[in-house]
Amino acid sequence: MPLKTKALVLNSIKGQFELREIVLDDLRPEEALVEIQATGICHTDLSCATGLIPCSAPIVLGHEGCGVVLETGSEVSNVSKGDKVVLSFSHCENCRQCTEGRPAYCYKWHARNFSGQRADGSITMRDTGSEKPLSSPFFGQSSFAKHTVVHRSCLVRVPPSSKAEIFAPMGCGVQTGAGAVLNSLRVRPGSSLVVFGAGSVGICAVMAGKLAQATTIIAVDIDAQRLEVAKDVGATHVILATKDLDVVSRIKEICPPNGVDFAVDCTGVPSVVAQMVESLGTLGRATQVGVPGFGSKVPVDILDHLTFGKEYVGCSMGGGVPSKLIPYLIDMHAKGLFPIEKLVTRYRIEEFENALQDMKSGKTIKAVLTWD
């Protein structure tokens with residue numbers, strides 16, 4: 001039987017969010033009904049809302065959810081009713097990338113995550129009364145809602161004691177930053193790492209660098225307060241990037257003889273990405289998680305890249321398996337080695353406008369909406 005609930009609806013691209021009543025579709029066999037306790041706001045949500053990343057509206061966004069399973073379809077075996085879950089990205093589970101443990105690169109569902117539709121093109125949410133379809137599920141979850149219908153591939157069971165407002169961001173931002181360092185870069189003990197951008201993704205990359213036992217961890221940002229947070233969680237050096245500062249030269253001073261071993265960009269700014277690649281030393285490896293607009297390009301000195309054996313690779317959603325990476329990070333948090341609570345500011349769902357504004361302005365590193 002369809003369920004009425006509340007959701008944060010984006011009525012049009014570049015439009016306004018509105019908290020209103022919606023109705024959920026019946027579960028399919030491969031889906032679960034989840035009561036959301038907390039939802040992280042990710043910059044990907046904001047980029048879709050502004051049109052930087054294409055999506056359809058009206059839509060219910062949200063892809064960093066945490067809550068409790070209320071009901072499961074007949075083909076859901078990875079979780080049960082009553083389980084606490086963190087929601088991550090959906091994937092087909094059958095393609096080569098999925099079966100080889102690289103679901104973030106699922107070629108069948110990569111575009112589907114942004115389309116706001118089930119695999120067959122149907123939707124999970126409608127406006128109450130008018131029955132107008134709302135693009136959903138976004139990333140297989142559309143967790144800007146009190147209740148939501150979730151594809152089984154999104155569901156990661158976590159300990160019942162897990163704090164929803166702390167662990168909701170695990171589904172995207174946290175695992176993206178940490179996974180970039182642990183999976184895509186494969187940072188080694190005793191190596192050097194530079195992180196461009198000290199937002200939530202970047203600071204999680206810094207914390208992962210410490211987990212990986214890098215001895216030199218550099219954070220680069222234009223915000224001094226965020227750099228202080230980066231220092232607090234593991235950065236050994238910080239660089240406040242100003243227009244008159246040669247950031248690359250400063251990195252090479254810290255990492256002689258000719259640059260850093262590993263680098264990750266969390267800004268998506270092409271000029272910053274170019275700095276990242278240039279800052280690499282011999283056999284240095286860089287990865288990209290910051291999202292620019294489509295068609296963005298960076299210049300690469302081909303001879304320099306060839307001579308010193310540099311690498312520049314992409315990284316989607318941390319490049320790992322959520323059902324393995326998320327529990328690992330939660331365990332590290334329990335041991336005091338991954339203090340993501342230092343990034344989170346909690347807002348009641350009724351305060352969503354303040355939360356969105358604080359994310360856009362940079363006042364808040366990671367805003368989390370709670371559905372009390």
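For reference, positions follow the sequence shown, starting with 1.
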- Query: Taking the side chain from E64 and the backbone from G173, do they hold a donor-acceptor pair closer than 3.5 Å?
  - Reply: yes
- For I330, which of I340, L325, V174, V158 qualifies under side chain to side chain contact (heavy atoms under 4.5 Å, CB included)? V158
- Message: Would a single hydrophobic cluster contain both F338 and V86, if residues Ile, Leu, Val, Met, Phe, Trp and Tyr are joined by side-chain heavy-atom contacts under 4.5 Å?
- Response: yes
- Task: With the side chain counted from C-beta on, respond yes when I13 and I59 share a heavy-atom pair under 4.5 Å apart, and no when they do not.
- Result: no
- Message: Assigning hydrophobic clusters by single linkage (Ile, Leu, Val, Met, Phe, Trp, Tyr; side-chain heavy-atom cutoff under 4.5 Å), is L337 placed with I166?
- Response: yes
- For the ring pair H63 and F138, is the centre-to-centre distance below 6.0 Å? yes
- Task: Would you give the length of the straight line joining atom CD1 of I22 to atom NE2 of H147, rounded to the nearest 0.5 angstrom?
- Result: 10.5 Å
- Taking the side chain as every heavy atom from C-beta outward, state whether L280 and V260 have any pair of such atoms under 4.5 Å apart. yes
- Task: May I ask you to decide if G171's main-chain N or O and Q175's side chain share a donor-acceptor pair within less than 3.5 Å?
- Result: yes
- Query: Are the side chain of Y105 and the backbone N or O of S316 linked by a donor-acceptor pair below 3.5 Å?
  - Reply: yes
- Task: Considering non-hydrogen atoms only, spot the tightest contact between C266 and V289 and give its length.
- Result: SG-CG2, 3.7 Å
- Do the non-hydrogen side-chain atoms of T44 and L46 ever get within less than 4.5 Å of each other? no
- When every non-hydrogen atom of E131 is compared with those of V23, the smallest separation belongs to OE2-CG1, 3.8 Å
- Message: Using modelled atom types and a 3.5 Å cut-off, is there a donor and acceptor pairing between side-chain atoms of D358 and backbone atoms of A355?
- Response: no
- Message: Just by distance, no angles: are the side chains of H91 and Q97 close enough, under 3.5 Å, to form a donor-acceptor pair?
- Response: no
- Salt-bridged, K335 to D331, with N to O below 4.0 Å? yes
- Query: Same hydrophobic cluster for V149 and F89, using side-chain heavy-atom links shorter than 4.5 Å among ILVMFWY?
  - Reply: yes
- Output yes when E35 and K146 qualify as a salt bridge under the 4.0 Å nitrogen-oxygen rule, no when they do not. yes
- Is there a donor-acceptor pair under 3.5 Å between the side chain of D304 and the backbone N or O of D301? no
- Query: If Ile, Leu, Val, Met, Phe, Trp and Tyr residues are connected whenever their side-chain heavy atoms lie under 4.5 Å apart, and connections chain through other members, are V195 and I251 in the same group?
  - Reply: no
- Query: Nearest 0.5 Å, what's the CG-OG distance between L61 and S143?
  - Reply: 9.0 Å
- Atom CD1 in I326, atom CZ in R157: separation rounded to 0.5 Å? 13.5 Å
- Item | E18, CD: over 12 other non-hydrogen atoms inside 6.0 angstrom | yes
- Item | For A32 against L155, the heavy-atom pair lying closest together | CB-CD1, 3.8 Å
- Heavy-atom side-chain contact between F352 and Q357 under 4.5 Å: no
- Assess whether side-chain contact (heavy atoms from CB on, under 4.5 Å) is satisfied between V368 and T39, documenting all intermediate values. CA-CA 6 Å; V368 174; T39 312; over 6 Å; no
- Item | Shortest non-hydrogen contact between A198 and D221, atoms and distance | N-OD2, 2.6 Å
- Task: Mark yes or no for whether D120, through its side chain, and S122, through its backbone, hold a donor-acceptor pair below 3.5 Å.
- Result: yes
- Apply side-chain contact (heavy atoms from CB on, under 4.5 Å) to Y328 and L211, showing your working. CA-CA 11 Å; Y328 167 74; L211 287 178; 4.1 Å; yes
- Task: Could you tell me whether R152 and E31 have a side-chain N and a carboxylate O separated by less than 4.0 Å?
- Result: no
- Message: Can you tell me if E351 has over 12 outside heavy atoms packed within less than 6.0 Å of its CD?
- Response: yes
- Donor-acceptor pair between R20 and N11 side chains, under 3.5 angstrom: yes
- Separation between SG (C172) and CD1 (I41), nearest 0.5 Å, reads 13.0 Å
- Message: Test question: given the 4.5 Å side-chain rule for I, L, V, M, F, W and Y, name all other residues clustered with I302, or answer none.
- Response: none
- When Ile, Leu, Val, Met, Phe, Trp and Tyr are grouped by side-chain heavy atoms lying under 4.5 Å apart, directly or through other members, which residues fall in the same group as V238? L227, L240
- Query: So, does K132 use its side chain to make a donor-acceptor pair with the main chain of R126 at under 3.5 Å?
  - Reply: no
- Kindly indicate, with the supporting measurements, whether the criterion ring-ring contact (aromatic ring centres under 6.0 Å, His included) is fulfilled by Y312 and H305. CA-CA 9 Å; Y312 170 46; H305 213 72; 7.7 Å; no
- Item | Donor-acceptor contact present, side-chain R118 to main-chain I123, <3.5 Å | yes
- Query: How far does CG of L193 sit from CD of Q213, to the nearest 0.5 angstrom?
  - Reply: 13.5 Å
- To the nearest 0.5 Å, how far apart are CD in Q288 and CZ in F196? 11.0 Å
- Message: As a quick check of understanding, evaluate side-chain hydrogen bond (donor to acceptor under 3.5 Å, both in side chains) for S192 and D261, giving each step before the final call.
- Response: CA-CA 5 Å; S192 56; D261 296 320; 3.1 Å; yes
- Would a 4.5 Å heavy-atom cut-off, applied to side chains only, mark P103 and V321 as touching? yes
- Side chains of C48 and F114 in contact at under 4.5 Å (non-hydrogen atoms): yes
- Heavy atoms, side chains only, cut-off 4.5 Å: are L24 and T124 in contact? no
- Message: Let's go through S142 and T148 carefully: what are the C-alpha distance in whole Å and the side-chain angles of both, what is the deciding distance for side-chain hydrogen bond (donor to acceptor under 3.5 Å, both in side chains) to 0.1 Å, and is it a yes or a no?
- Response: CA-CA 7 Å; S142 283; T148 189; 5.4 Å; no
- Co-membership, hydrophobic cluster, residues I222 and I203, 4.5 Å side-chain: no
- Where the side chain of T364 meets the backbone of K366, is there a donor-acceptor pair that is under 3.5 Å apart? no
- Residues forming a ring pair (Phe, Tyr, Trp, His ring centres under 6.0 Å) with H237, sequence neighbours excluded: none
- Between H151 and S90, a side-chain donor and acceptor under 3.5 Å: no
- Which residues satisfy the ring pair (Phe, Tyr, Trp, His ring centres under 6.0 Å) test with F144, sequence neighbours excluded? none
- Task: Taking atom NZ of K6 as the centre, report whether more than 12 heavy atoms of other residues, nucleotides or ligands fall under 6.0 Å from it.
- Result: no
- Item | Derivation of the side-chain contact (heavy atoms from CB on, under 4.5 Å) call for E341 and H333 | CA-CA 9 Å; E341 71 278 359; H333 176 269; 2.8 Å; yes
- Query: Given a cutoff of under 4.5 Å between side-chain heavy atoms of I, L, V, M, F, W and Y, with clusters grown through shared members, what are the other residues clustered with Y107?
  - Reply: none
- Query: Is there side-chain contact between F308 and L283, with heavy atoms separated by less than 4.5 Å?
  - Reply: no
- Message: Checking E100 now: which residues fulfil salt bridge (Lys or Arg N to Asp or Glu O under 4.0 Å) with it, not counting sequence neighbours?
- Response: R96, R102
- Message: For a side-chain contact (heavy atoms from CB on, under 4.5 Å) check, start with the C-alpha distance between R348 and W371, then their side-chain angles and the critical distance, and finish with the verdict.
- Response: CA-CA 7 Å; R348 299 189 311 276; W371 297 82; over 6 Å; no
- Task: Examine distances only and state if a side-chain atom of S88 and a backbone atom of C154 form a donor-acceptor pair shorter than 3.5 Å.
- Result: no
